[in-house]
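Numbering of ligands and ligand atoms starts at 1, following listing order. All values reported here derive from a predicted model rather than from experimental measurement.
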Amino acid sequence: MANAFKDQVLAGKTAFVAGASSGINLGIAQHFARAGAKVALISRSHEKITAAAQTITDEGYEAIGMAADVRDFNSVDQAMAKAHEMFGKFDIVLSGAAGNFVAPALGMSSNGFKTVVDIDLIGTFNVLRASFQYLNRPGASLISITAPQAVNPSVFQAHVCAAKAGINMLTKCLAMEWGPAGVRVNAISPGPIADTEGMARLAPTPEMEKAIKSRIAMRDYGTKTDIADTALFLSTDNAKYITGTIVDCDGGSKLGDAGADALGEFA
Ligand code: HXC
Ligand code: NAP
């Protein structure tokens with residue numbers, strides 16, 4: 001992709017983005033719009049999702065924001081039906097709604113655990129499953145947002161680790177089932193991303209932020225644009241033979257830091 005925006009690589013395409021009122025997913029929706037796609041956005045809050053869509057229409061692109069809870073299949077389906085009516089079949093579906101809080105398993109009720117699994121994992125199934133009838137097939141690209149916690153266990157994140165691990169396996173199963181219909185199914189695993197609600201919750205102090213950066217190969221947080229660029233690539237024909245993969249865009253976070261202290265002057 002020489003210049004995704006100048007070349008309008010998504011011209012004529014429609015994208016549906018779930019969990020798009022803020023953060024990484026809004027950055028992705030904005031990126032898709034700037035590359036030429038019409039974008040439909042959902043989140044729980046009517047006020048927030050309308051404002052998010054407005055950031056896109058203010059730039060002169062086509063967008064609609066609708067309130068829908070990914071835990072409720074019918075509300076997702078209704079939003080998709082409206083988006084389909086307005087913008088036509090979906091070429092791209094991005095499932096990124098998520099919830100997180102930091103708590104030990106013993107400080108978490110059954111409902112607390114279930115809430116995150118419902119939003120992240122069941123929500124992703126609902127979004128991808130509901131989208132199938134509205135997809136432009138063959139050629140559609142479905143992308144979920146997972147996290148390094150899907151493969152790296154973490155204290156105080158049992159709910160997120162379990163939910164995101166489920167998303168990774170769901171990605172692979174759906175890729176197998178829907179590949180014959182010409183539908184690609186992938187996930188992006190972002191590392192710690194600057195200026196997001198996720199990192200505000202996980203590393204609320206400068207000391208925690210510094211400690212996390214010291215354990216990442218690239219020694220820094222990523223940006224929302226890093227993730228949006230990855231989603232854009234997966235949405236184009238440049239990625240037409242890529243399916244069933246978890247694309248790490250994490251500065252090497254998932255590698256861990258075993259032996260990193262011994263790097264000394266070589267760091
Ligand atoms: C323990 C908690 C808790 C906490 C909530 N609960 N916060 N338990 N410690 N800090 C429990 C509640 O007590 C309740 O259980 C249950 O969770 C549901 O809480 P509600 O507030 O009713 O849920 P809801 O309104 O649906 O809100 C969901 C939420 C909330 C996840 C709790 O934080 C939210 O809306 N988050 C969305 C935004 C967000 O989290 N963004 C960050 C995504 S980042 P009981 O038993 O009392 O009924 C991310 C990062 C991944 O995913 C990896 C990064 C590297
Ligand atoms: P964020 O800004 O809080 O984004 C989460 C979005 O999900 C919000 O728009 C929220 O909007 C929406 N949402 C929550 N529950 C929903 C529900 N039930 N139905 C519909 N929408 C819902 O957080 P973020 O940090 O940018 O994270 C975005 C994605 O990246 C998540 O999947 C997260 O797990 C993943 N991730 C983040 C990081 C990071 O460093 N931040 C790292 C790895 C992975 P409403 O409140 O309006 O519903």
What protein heavy atom sits nearest [atom], and how far off is it?
atom: atom 47 (O) of ligand 2; answer: S43 OG, 2.7 Å
atom: atom 32 (C) of ligand 1; answer: F101 CD2, 4.0 Å
atom: atom 46 (O) of ligand 1; answer: S109 OG, 2.5 Å
atom: atom 25 (O) of ligand 1; answer: R44 NH1, 4.4 Å
atom: atom 11 (C) of ligand 1; answer: G112 CA, 3.9 Å
atom: atom 5 (C) of ligand 2; answer: A98 O, 4.0 Å
atom: atom 3 (O) of ligand 2; answer: E197 CB, 3.5 Å
atom: atom 44 (S) of ligand 1; answer: G198 CA, 3.4 Å
atom: atom 18 (C) of ligand 1; answer: T115 OG1, 3.3 Å
atom: atom 40 (O) of ligand 1; answer: N100 N, 2.9 Å

Where does [X] meet ligand 2, judged by heavy-atom distances below 4.0 Å: at the side chain, the backbone, both, or neither?
X: A68; answer: backbone
X: T146; answer: backbone
X: S45; answer: both
X: K224; answer: neither

Does any N/O atom on [X] come nearer than 3.5 Å to any N/O atom on ligand 2?
X: K48; value: yes
X: P190; value: no
X: S21; value: yes
X: A147; value: no
X: G96; value: yes
X: I119; value: no

Taking R34 for its side chain and E59 for its backbone only, find out whether a donor-acceptor pair lies under 3.5 Å.
-> no
4.0 Å heavy-atom contact, G191 with ligand 2 | yes
Does ligand 1 have an atom that lies less than 4.0 angstrom from a heavy atom of R71?
-> yes
Does R44 come within less than 4.0 Å of D69, counting only side-chain N to carboxylate O?
-> no
